[in-house]
Amino acid sequence: MSLIKKAIDWGTRKSPWIIHFNAGSCNGCDIEIVDALTPRFDLERLGILQRGTPRHADILVCTGAVSLQTKDRLKQIYDQMPEPKFVIATGTCACSGGVFDGCYCVLGGIDRVIPVDVYIPGCAVRPEAIISAVVKLLGALEAQQKGGGKDAERRSDYSTVGREIQSFEG
Amino acid sequence: MTEYNRVVIPIGPQHPSLKEPACFTVTLEGEKIVDAVIGIGYNHRGIEKACESRYYTQIIYLLERVCGICSHTHTTAFCQGVEELAGVEIPRRAAFIRVLVAEIERLHSHLLWLGVAAHEIGFDTMFMYTWRDREAVLDILAELGGNRVNYSINTIGGVRRDIDDSLKQDILKMVDALEEQVKYYRELARSETTLAARLAGVGKLSREDALKYGAVGPVIRASGVDFDIRKVDPYAVYGEIPFKVVTDTHADVFGRTVVRVLEMLESIEIIRYCLENMPDGEITAKAPRRIPAGEVISRTEAPRGEDIHYIRSNGTEIPDRVRVRAPSEANWHAMKQMLLGQYLADVPITIAAIDPCFSCTDRAIAVNSGRETELMDWPRLRQYSVDWYKKRGIDVSSVKMPERRSYF
């Protein structure tokens, strides 16, 4: 493993930067994500920072059932993120479409558009659940990095991490 | 300046200053905004259509998710309307609980806004302060309804959760602690010169323009118009609660900040009044499953302004039509007026100042054909068809039209 790769792995594990995108959510999960970043829950103490641009982010925290309007934008944002990248589907709507499943303007869960690594059900998700999901994602990532460092292989099979953390019970 | 010097900057749908997707296309001359096009609709999910295939009780939970921040307001407006159609009178205790939760929600929403606004102007300390204080409010809501965001208090015919003595004490304790903090924010708004310097004169909306574009809520109240549904058209028990409508004459972002901070103090007083004067008794009245045919318009004052629900029933368990006119939808029209002549750097705070809720806004698709349109009433439409056929040599003026079934 090259030194640069080691450094990138370490950086991703220790201080993942997140970007938040609302793909058609009711705002409930979005305010809980912001809540997770503010003093009571304070994700920043774990080195997690929210960034404004997808080009700086490692984790895409996505909320809401994907509406037809946001579908292409979501794909674009995902494509802009540098490798390695991860997606957390936050809330029941992001997992499956939730109450909006079947609406004419709703495509369904986030995984209809981009590969998802972690699903957090809940309407709305509690900040504790978000923190726990991030910690589990990092744990799974570390295990994977130590187990041979098959980074390229992992990205070719998007759902590897997702399979390890099938779902998180809030 | 010539056309050549103009720069068009798209902001969104994903942008650091926007928490939700929307696209603003801003045309600049130097640093000044000369034109703005607001593109919304990214959050349109088709809730109104979905309502037409669900039972009334299911709709409550669907409408709660129109917006996660003012979820109680939407269900209150809907339940109120359905109760009026069904002729159900809710128990007084239930009405008090509705008002109580609405005011707690207003506290949480305004604190949230204050934080977001502070963040937009780079005052992150205040952002952290207000969101810390907001946690206390959310704890109470969680205790009340079992969930921090969508607390499902309302049901047709009353409320689903009662308030016992220990919860009452908790609420009073929370309110006392919060009052101290809000008073501190009031002092901050008044005495902190950097805050005033950053916000004053930004996003001007004169009284005339506010009325012309039909702004609602804190936006119109900050322009000096004394308009609050709680006073204008009192619902639940607002008619008997003493409180004053906060207005301000600054007509800019600073004024909107002041209005919201002072409104929080009023809300605290309303919460205290509700807890003191809440009568004992039932919290639900029996409501029929089938709602009698008819139509109704129900209005409530959401934290962001006037929320209107229109419900048309056809006598079954499923409504014919549900229309939601959320407050942010009304406020967008004045947005362009606020942006014109501003600097580019003021765009985020100006947008944030109406407390926009895109998930509330994206209700229907507006089609602008670019043509002049006019509304034809029934007799004129009839005359138009008679003339149209006459030109083609057919005289239909003697044909009797059946009586029109009137909804309006």
Side-chain angles (χ1 to χ4, degrees), chain A residues 19-42 44 50-54 56-57 60 62-74 76-77 80 91-93 97-107 122-128, chain B residues 12-23 39-51 53-54 58 61-71 74 108-109 112 115-116 119 124 127-136 138-139 142 147-150 357-360 362 365:
Chain A
I19 180 172
H20 160 227
F21 184 67
N22 176 337
S25 151
C26 76
N27 257 344
C29 297
D30 306 281
I31 54 175
E32 294 294 64
I33 289 172
V34 183
D35 236 28
L37 295 163
T38 49
R40 191 192 218 169
F41 300 101
D42 202 8
E44 290 192 8
Q50 199 195 353
R51 304 315 297 175
T53 153
H56 294 169
L60 173 63
C62 205
T63 57
V66 183
S67 70
L68 296 182
Q69 279 261 26
T70 49
K71 185 186 76 183
D72 297 338
R73 279 81 181 179
L74 182 62
Q76 244 173 38
I77 287 169
Q80 282 176 24
T92 306
C93 300
V99 279
F100 305 119
D101 197 24
C103 289
Y104 63 82
C105 210
V106 169
L107 205 66
C123 185
V125 288
R126 293 179 67 90
E128 293 97 321
Chain B
Q14 192 276 330
H15 191 264
S17 73
L18 301 171
K19 298 283 167 282
E20 294 172 80
C23 188
I40 50 178
Y42 293 94
N43 253 345
H44 180 76
R45 290 151 289 174
I47 292 182
E48 286 170 16
K49 193 73 192 165
C51 285
S53 59
R54 280 164 166 81
Q58 291 176 313
Y61 302 100
L62 185 64
L63 285 183
E64 189 161 42
R65 282 151 184 86
V66 164
C67 169
I69 301 175
C70 43
S71 53
H74 285 294
H108 119 73
S109 178
L112 179 143
V116 171
H119 174 69
D124 267 359
F127 170 47
M128 294 294 169
Y129 268 37
T130 50
W131 280 63
R132 181 198 61 197
D133 297 336
R134 190 176 148 265
E135 286 299 321
L138 286 184
D139 280 349
N147 202 356
R148 284 160 54 95
V149 176
N150 299 322
C357 178
F358 301 98
S359 50
C360 274
D362 298 341
I365 301 161

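Residue numbering restarts at 1 for every chain, and letters A, B, ... go by the order of the sequence lines.
At a threshold of 4.5 Å between non-hydrogen side-chain atoms, the residues Y61(B) and V99(A) do not count as touching. At a threshold of 4.5 Å between non-hydrogen side-chain atoms, the residues L60(A) and P54(A) do not count as touching. Looking at F100(A) and S67(A), their side chains never come closer than 4.5 Å, going by heavy atoms from C-beta outward. Between R148(B) and D35(A), the closest side-chain pair of non-hydrogen atoms falls below 4.5 Å.
For a residue to count as touching a neighbouring chain, one of its non-hydrogen atoms must lie under 4.5 Å from one of that chain's; by this rule D72(A) does not touch chain B. With a 4.5 Å cut-off on non-hydrogen atoms, H108(B) touches chain A through its side chain but not through its backbone. Only the side chain of I77(A) comes within contact range of chain B, with at least one heavy atom under 4.5 Å from a heavy atom of that chain. Neither the backbone nor the side chain of T63(A) comes within less than 4.5 Å of any heavy atom in chain B. If you measure heavy-atom distances from V34(A) to chain B, the contacts under 4.5 Å come from both the backbone and the side chain.
The backbone N or O of A136(B) lies less than 3.5 Å from no partner atom in the side chain of R40(A), so there is not a single donor-acceptor pair. Between the side chain of E20(B) and the backbone N or O of N27(A) there is no donor-acceptor pair closer than 3.5 Å. For R65(B) (side chain) and S71(B) (main-chain N/O), no donor-acceptor pair under 3.5 Å exists by modelled atom type.
Annotation: maximal heavy-atom pairing with chain B below 4.5 Å, among V106(A), D42(A), L68(A), I31(A), occurs at I31(A). Most heavy-atom pairs under 4.5 Å with chain A: of the set R134(B), E64(B), M128(B), Q58(B), this distinction falls to M128(B). Chain B forms more heavy-atom pairs under 4.5 Å with one residue of A23(A), P39(A), C93(A) than with any other, namely P39(A). The residue among C67(B), A142(B), S53(B), C357(B) with the most heavy atom pairs within less than 4.5 Å of chain A is C67(B). The residue among Q76(A), Q50(A), R73(A) with the most heavy atom pairs within less than 4.5 Å of chain B is R73(A).
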